[in-house]
Amino acid sequence: MADHDVRFAAAYRDVLARWGDVTVVTCDTARARTRITVVPGPDGADSPLVVLLPGGGATSTVWFPQVADLAMGATVIAPDLPGDAGCSLRRQGLRGWRDVAAWCAEVVAAAGRETGAAAGRETGAAAGRETGAAAGRPVTVVGHSYGAQIAVRFALDRPDLVAGVTLLDPTGVFARVSAETALHAVPLLLAPTGRRWRRYLDWETGGAALDPAWLRLGAAAADGSRMRPVRLPRPSPADIDRLAGQAGGVRVVLAERSRYHDARRMAADLRRRHPWITVETLPASHHELPFVWRP
């Protein structure tokens, strides 16, 4: 194993240790080999499901501040995004945005089968019974940044599976990323390195104190090679209105001083165009809301 791989694996383990007891599931299909971290809910195979989709470069481990609270009422499913930082591998079957919802459904099904099988082993029930979304468990999707784009696409294409959506400082959903942020990101996008990632993050967060172990992981991830994630088209206002009937609703949580967009303007636009969306603004000085938001 190369030195970089050793460094990345060690950093990944250090952050994942914050989660406590987890089950690791591999979903291997023509679209991707996906690493999924699962924390079973209190009711086992009958618990509702929460799918956590991270922002680009963050890996699924970034959700450690929320996992304990979420797992008190639901089974937590956190995949590494194929084509991005982490332990998943994007394959030819994940070619474009039309494949993203199918990939999400595969992740939910794989995690649901695992939690159902575990419950069957504990109770002596048949391990082969249908679990996950196929058994009617509601699925709530939480997405941050780029993960919010995936969450919206999943909800639009599979309304039969998704019961509710929470979008944390979403990018590419309701507005373009600010020109200033796009410009600062150019060196990192063209030739990512750990040093460039830290420099960009220091600018974007204003030097905010983030978790040291996660910073080491992010730098190690940026030093590695990865495919570019699937590019997703920005949904139209009419697309967004198709989500109005979701039982769990749509919640948008913005960072007050995010450099990615004008949070005040976005909140006003959302309330005017889509008054059925719940909009919340957190007094955060940066975009990295997994370190700020609590369910």
Side-chain angles (χ1 to χ4, degrees), residues 52-58 62-63 65-66 81 84 97 141-156 164-190 192 196-210 214 218 228-244 246 249-295:
L52 304 178
L53 301 172
V62 73
W63 299 105
Q66 292 82 25
L81 303 182
D84 196 70
W97 63 270
V141 187
V142 180
H144 169 240
S145 194
Y146 172 67
Q149 298 178 36
I150 300 175
V152 170
R153 179 48 51 190
F154 186 24
L156 286 171
V165 177
T166 295
L167 309 176
L168 305 182
D169 221 37
T171 57
V173 176
F174 304 110
R176 294 185 178 88
V177 171
S178 71
E180 180 187 30
T181 296
L183 184 62
H184 273 83
V186 167
L188 179 61
L189 294 174
L190 290 178
R196 286 181 173 180
W197 179 79
R198 283 299 302 268
R199 187 182 302 123
Y200 172 78
L201 196 67
D202 286 344
W203 170 81
E204 188 270 311
T205 65
L210 301 180
W214 181 79
R228 295 191 182 278
V230 177
R231 290 179 61 86
L232 300 174
R234 180 178 160 192
S236 69
D239 288 334
I240 297 299
D241 279 335
R242 287 168 48 200
L243 304 179
Q246 287 195 335
V250 174
R251 181 185 179 196
V252 177
V253 183
L254 302 174
E256 185 177 36
R257 297 189 296 281
S258 174
R259 290 185 182 267
Y260 279 73
H261 39 241
D262 185 329
R264 183 177 299 179
R265 176 180 295 179
M266 181 178 289
D269 287 346
L270 287 174
R271 293 185 176 109
R272 176 174 53 84
R273 296 180 180 179
H274 312 288
W276 50 271
I277 293 180
T278 300
V279 182
E280 179 182 355
T281 301
L282 297 181
S285 62
H286 56 78
H287 176 65
E288 309 305 321
L289 284 193
F291 293 101
V292 179
W293 174 73
R294 297 295 179 268

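Just so it is clear, the model here is predicted, and its values are computed rather than measured.
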Listed by chain and number, what are the side-chain contact (heavy atoms from CB on, under 4.5 Å) partners of [X], not counting sequence neighbours?
{"X": "Ala58", "answer": "Pro54, Val62, Trp214"}
{"X": "Arg273", "answer": "none"}
{"X": "Ser178", "answer": "Glu180, Thr181"}
{"X": "Ala263", "answer": "Leu254"}

Beyond-backbone contact of [X] with [Y], side-chain heavy atoms, under 4.5 angstrom:
{"X": "Leu81", "Y": "Ile150", "answer": "yes"}
{"X": "Leu53", "Y": "Phe154", "answer": "no"}
{"X": "His144", "Y": "Trp63", "answer": "yes"}

Separation between [atom1] of [X] and [atom2] of [Y], rounded to the nearest 0.5 Å:
{"X": "Arg196", "Y": "Leu188", "atom1": "CZ", "atom2": "CG", "answer": "8.0 Å"}
{"X": "Glu256", "Y": "Asp262", "atom1": "CD", "atom2": "CG", "answer": "11.0 Å"}
{"X": "Leu289", "Y": "Thr166", "atom1": "CG", "atom2": "OG1", "answer": "12.0 Å"}
{"X": "Gln66", "Y": "Leu168", "atom1": "CD", "atom2": "CG", "answer": "7.5 Å"}

Show me the donor-acceptor pairs within less than 3.5 Å that the side chains of residues 197-205 make with the rest of the protein, sequence neighbours left out.
residue, atom, partner, partner atom, Å
Tyr200, OH, Tyr260, OH, 2.6
Trp203, NE1, His184, NE2, 3.3
Glu204, OE2, His287, N, 2.7
Thr205, OG1, Leu201, O, 2.8
Thr205, OG1, Gly207, N, 3.3
Thr205, OG1, Ala208, N, 3.3

Distance-only criterion, 3.5 Å: show the donor-acceptor pairs between side-chain atoms of residues 230-241 and protein atoms not counting sequence neighbours.
residue, atom, partner, partner atom, Å
Arg234, NH2, Phe174, O, 2.8
Ser236, OG, Ala238, N, 3.4
Ser236, OG, Asp239, N, 3.1
Ser236, OG, Asp239, OD2, 3.2
Asp239, OD1, Arg242, NH1, 3.4
Asp239, OD2, Ser236, N, 3.1
Asp241, OD1, His274, ND1, 2.9
Asp241, OD1, Trp276, NE1, 3.0

task = Check side-chain hydrogen bond (donor to acceptor under 3.5 Å, both in side chains) between Ser258 and all other residues, then give those that pass, not counting sequence neighbours.
result = Asp169

key: Counterpart residues, side-chain hydrogen bond (donor to acceptor under 3.5 Å, both in side chains), relative to Arg265 (two or more places apart)   = none

For [X] versus [Y], what's the shortest heavy-atom pair and its separation?
{"X": "Asp84", "Y": "Gly57", "result": "OD2-N, 2.5 Å"}
{"X": "Tyr146", "Y": "Gly56", "result": "CB-N, 4.0 Å"}
{"X": "Pro290", "Y": "Pro65", "result": "O-CG, 3.5 Å"}

request  = Not counting sequence neighbours, list each pair that qualifies as a salt bridge (charged side-chain N to carboxylate O under 4.0 Å, His left out) and has a residue in residues 282-295.
outcome  = none

ask   = Could you walk me through whether Val279 and Met266 pass the side chain to side chain contact (heavy atoms under 4.5 Å, CB included) check?
value = CA-CA 10 Å; Val279 182; Met266 181 178 289; over 6 Å; no

